[in-house]
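Report on the following structure.
FYI, the numbering just counts along the sequence from 1. Worth knowing before you read on, the calculation uses all heavy atoms, side chains too, and leaves out hydrogens, waters and symmetry mates. Since we're looking at a predicted model, the values are computed, not measured.
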Amino acid sequence: MSAAALPPLSPLGTARQALGEGPALPAGLAELLAAGDLDESRAFLAWQLAELPRGLDAAEREALALLVGRLLVAEAAGSTRLAIDAKEREQLCRAHGLVAEAAARARAPLLLDGGFLYTERAHACEERVAAALSARLSPGPFAPAAIARAVADAAARGEPAPTSEQTAAVAAALDRRLGVISGGPGTGKTTTALLLAQSLARLGVPPAAIALAAPTGKAKSRLEEAFRARLSGLVEPSPIDRELGQGCPAAQTLHRLLGIGPGLDSRRAAGSAPLPFRAVVVDESSMIDLVLMDRLLAGLPAQSQLVLLGDADQLPSVSTGAVFRDLGRVATRLGRGFRADPEKPTGRRLAALAQAVRLGDTRTSAGLCVPRGAPGELTWQGIELLSPAHRDELLRKHHGRLAHAVAGAGGAGHVFTLRDGRFAEADAPRLDALAASLGQTRVLCVTRQGPSGVERTNAFLHGLAGDGPDFLPGEPVLMLRNDYERELWNGEQGIALRGREVGGPVATVVAFRARGGWLAVHPHLLGGALGLGYALTVHKAQGSEYDEVLLLLPDYPCPLSSRELLYTAISRARESVVLCGSLELFKCGVATAEQRSSGLAERLAARPGAP
C-alpha cells in the first residue's frame, strides 16, 4: 500500500479506522502529529480529554481537542502553560467538567488562570514552588555581622583569593534561607561553592550537615572533584577547614539526595522524611526542572539554607519549567569571567561573542566571526566561520589533530594491566595525559540527527579511526544513561583502551576517572549505556570546558538553534570556536530566544515581601 493510500491515524487504532469502525483524530491534532510537534500518546490524550465535556457540537469538540493538543505541545517544549486569546477562553469556559477557573479553587484536569491554560498538575506544582521559594526569602538564622566575619576569614585562606564579587555573593546568599547566585562561564561558581561551605562551617553548621548536589551525575562528579581540589589547595587551612574536608559528605545527584531512582528509598522520595541537612548547595541549577525543584523544596527542613548556583542565560532544563531563570530578580550575578583569558586578544573576542549572543546582538555577533575559505586556513584562535560545504573536510582535519594529540600521550597502542577492574596506580599519569589530550577539543552539535547531528558525526569520525569493533583504542566514549551499580553517570566521558587482567587476553576496555583511581569496564557490560564521545549535543556539554569547540550548525532553520543554545556552546571554549554553518542561520539563532511560558516569576513577584 502506498503512503498516500494509508488510512488516517485514529485514536481507536488505525486498523479499526481502515475497517470503518471508529473516528479519525481531529484534523488539527492530526496536523500537530504529522509535523512532529505531538507524539501519538499525547494526541490520544488530547482526543480523550476533548470527549469528556457534554453538550458540545462536533466543531466545538474539535476546537477543544486542538487547544488541549497545543497545551501538551507547549508542555513538551518546556512551558508550564499556553497563552490563549479571548475567543479561545470563551470556548474553554463551555467545556464544563474539563476546564475550571483557577481562582475558584475548583478541581478539573485543566485550569484557566488569567490569559493562560494549564494542566492542573503543572498549575499546582508551580504554585507550590512559588510558595516554598517565597517563604525562603525571609531572613536567615545568621546575623549580618557574623556572616561578614565568617566570609572574610574563609576568603583570607583561599588561593587564589576569592574576588570581592564572589565574597559579596556569598554574603548575600547567607543573608536569607534562599540564596541564588548566577554567573556566566568561568566566573568561579565552584570557588564560590567552597567559600559558601567554609563560611557555613564558621557560622557553626557541622560539616556533616552541609550537602553538595547537582542535577546530573556528570555535574555532581565535577563539583566533587573541583570542591575537593580547591579545599586541599587552601593556604594554611584552619582546623575548621580540615574538619570540613573530613566531614562534608561527598556531592550527590539531586535524585540520589532525594531518594528518587532505582534501588533508592521511596519513602524519602514521597517527601515523608525531611533531609538531614541544615544547608544544601546546588550547582548547575539551570538544569533543574519544575517538578524536581518541587521535590527538593518539599524535602528540605523549614529552617534549612538552600543556595542555588548556575547560569540563568544557559539552556534551561530539558523538562518543564525554567526555575533558575525565573529567580533572576532575586539572584546575585557574578560578572567577571576567567575561562577565556581577557589578557589575550582571542580571550577578549570569545568573551565579546558570548556577551553579544547572550544579548541577542546579531550585528556584533556576526562581525566577530572571521570567515575562512577552507579548513586549511584555520588558525584555531578566536572565532572562525566555515561554510557547511567544508563540514567533512573540517572533521577530517579535527580527527587528524586529535589522533596526533592522543599518540603524543602514548595511549592508543599501549596495553594496560588491570587488577579487578582497576588500572595500576603507576598508569594514572598516562591516563591523565590521555584524558587531557581528548579533553582539549570537542565537536558540539545542535541536533542528534541529520548531516550535522551527533550520530552522523560520531559515525564519520569513528570511520576515520579505522575498521573494527564499536570502540577503538584511543577513542573518546560517553555514558548515555546512569549506571548506578558502577556509579557512572549520564554525560561522563571516558576513553577506549587496550587492557588485560593479569594472565588474561588483551581486550578493549573503557576507562573512566572514578573516586580512588581509574575504573576499567568492558564495553559489553554497559550495553546501550555507552556511546562514542567525539561529538556531543550542546545539552550534554553543559558545564564542560574545552580549549577548542567545533560547533556544527544545522543546514536548515531549526527551533533548537536558539540564543541560549549558541551561548551555551560558545561559552564552553577557552581559546577557539569554529562555527561550521551558514552565517545567516547563525544570526537567526542569535535573534531567537527560547520561548518558555511560565508563571513562576509572576507568582514570586506578586507575593508579599517580594524583592
What distance do R157 atom CZ and I240 atom CD1 have between them, rounded to the nearest 0.5 Å? 8.0 Å
Kindly write out the residues that satisfy side chain to side chain donor-acceptor pair (under 3.5 Å) with Q440, not counting sequence neighbours, or none if the list is empty. none
Using 4.0 Å as the upper bound for N to carboxylate O, is an ion pair formed by E548 and R401? yes
Is any side-chain heavy atom of S452 closer than 4.5 Å to a side-chain heavy atom of R391? yes
Between the side chains of D241 and R202, is the shortest nitrogen-to-carboxylate-oxygen separation below 4.0 Å, so that they form an ion pair? yes
Would you find a donor on one side and an acceptor on the other, under 3.5 Å apart, between the side chain of R242 and the backbone of P237? yes
With a 4.5 Å heavy-atom cut-off, do L308 and L178 have their side chains touching? yes
Roughly how far, to the nearest 0.5 Å, is the CG atom of L488 from the CG atom of L478? 11.5 Å
Ring centroid separation for W489 and Y484, is it under 6.0 angstrom? yes
D432/R513 ion pair, N-O < 4.0 Å: yes
Stepwise side-chain contact (heavy atoms from CB on, under 4.5 Å) test for V446 and T537: CA-CA 6 Å; V446 175; T537 62; over 6 Å; no
Starting at CZ of R396, measure out to CG of L461 and round the result to the nearest 0.5 Å. 10.0 Å
Any idea which heavy atoms bring G589 and L566 closest together, and the distance? C-CD1, 3.7 Å
Would you please name every residue forming a ring-ring contact (aromatic ring centres under 6.0 Å, His included) with H399, sequence neighbours left out? Y534
So, does K189 use its side chain to make a donor-acceptor pair with the main chain of S182 at under 3.5 Å? no
Donor-acceptor check, side chain of E575 to backbone of G382, threshold 3.5 angstrom: yes or no? no
Pairwise distance CG(L231) to CG(L244) - rounded to 0.5 angstrom: 5.5 Å
Please report the closest heavy-atom contact between S304 and F277, naming both atoms and the distance. CB-O, 3.6 Å
Between R596 and E594, does any NZ, NE, NH1 or NH2 come within less than 4.0 Å of an OD or OE carboxylate oxygen? yes
Assess whether a salt bridge exists between E224 and R228, defined as any Lys/Arg side-chain N lying under 4.0 Å from an Asp/Glu carboxylate O. yes
Residue R422 excluded, over 12 heavy atoms near CZ under 6.0 Å: yes
On a heavy-atom basis, the closest approach of G533 and N458 is C-OD1, 4.0 Å
Check whether any side-chain heavy atom of M479 lies under 4.5 Å from a side-chain heavy atom of L530, and answer yes or no. yes
Distance check, rounded to the nearest 0.5 Å: Q381 atom CD versus D547 atom CG? 9.5 Å
Is there a side-chain contact between E475 and L438 (heavy atoms, below 4.5 Å)? no
About how many Å separate NE2 of H255 and CG of L296, when rounded to the nearest 0.5 Å? 11.0 Å
Contact between L223 and V281 at the side-chain level, heavy atoms closer than 4.5 Å - yes or no? no
Any side-chain heavy-atom pair from L565 and Y567 closer than 4.5 angstrom? no
Distance-only side-chain donor-acceptor flag, Q542 / R572, under 3.5 Å: no
Between V129 and L290, is there a side-chain heavy-atom distance shorter than 4.5 Å? yes
Where the side chain of Q166 meets the backbone of T163, is there a donor-acceptor pair that is under 3.5 Å apart? yes
Under 4.0 Å between a Lys/Arg side-chain N and an Asp/Glu carboxylate O for E501 and R419? no
Run I383 and I570 through side-chain contact (heavy atoms from CB on, under 4.5 Å) and show every step you take. CA-CA 9 Å; I383 308 106; I570 290 163; 6.0 Å; no
So, are E455 and R448 salt-bridged, with charged N and O less than 4.0 Å apart? yes
Taking side chain as C-beta onward, heavy atoms only, is P388 less than 4.5 Å from L553? no
Side-chain ion pair, R222 and D283, N-O less than 4.0 Å: no
Would the distance check show the side chain of S561 and the main-chain N or O of C558 forming a donor-acceptor pair, the cut-off being under 3.5 Å? no
Out of P473, S437, P476, which one pairs with V406 under the side chain to side chain contact (heavy atoms under 4.5 Å, CB included) rule? S437
Should V280 and V307 be marked as a side-chain contact (heavy atoms from CB on, under 4.5 Å) after you check the CA-CA gap, both sets of side-chain angles, and the distance that decides it? CA-CA 6 Å; V280 176; V307 183; over 6 Å; no
Basic-acidic side-chain contact under 4.0 Å: K397, D392: no
May I ask you to decide whether E284 forms a salt bridge with K220, counting only side-chain N to carboxylate O separations under 4.0 Å? no
Closest heavy-atom contact between S576 and L350? N-CD1, 3.8 Å
If every non-hydrogen atom of C580 is compared with every non-hydrogen atom of L394, which pair is closest and at what distance? CB-CD2, 3.8 Å
Quick one: closest heavy-atom pair of P162 and T167, and the distance? CB-CG2, 4.0 Å
Report yes or no: does E384 contribute a side-chain atom to a donor-acceptor pair with the main-chain N or O of V577 at less than 3.5 Å? no
With sequence neighbours excluded, residues passing ring-ring contact (aromatic ring centres under 6.0 Å, His included) with F423: F416
Quick one: does N490's side chain have a donor or acceptor within less than 3.5 Å of a partner on N482's backbone? no
Any side-chain to backbone donor/acceptor pair from T320 onto G78? Under 3.5 Å, distance only. no
Start with the C-alpha gap between K540 and V454, add the side-chain angles, then the distance that decides, and say whether side-chain contact (heavy atoms from CB on, under 4.5 Å) holds. CA-CA 11 Å; K540 288 277 191 188; V454 164; over 6 Å; no
Does either side chain, that of S544 or that of K218, offer a donor lying less than 3.5 Å from an acceptor on the other one? yes
Donor-acceptor pair, distance only, cut-off 3.5 Å: does the side chain of S571 make one with the backbone of T568? yes
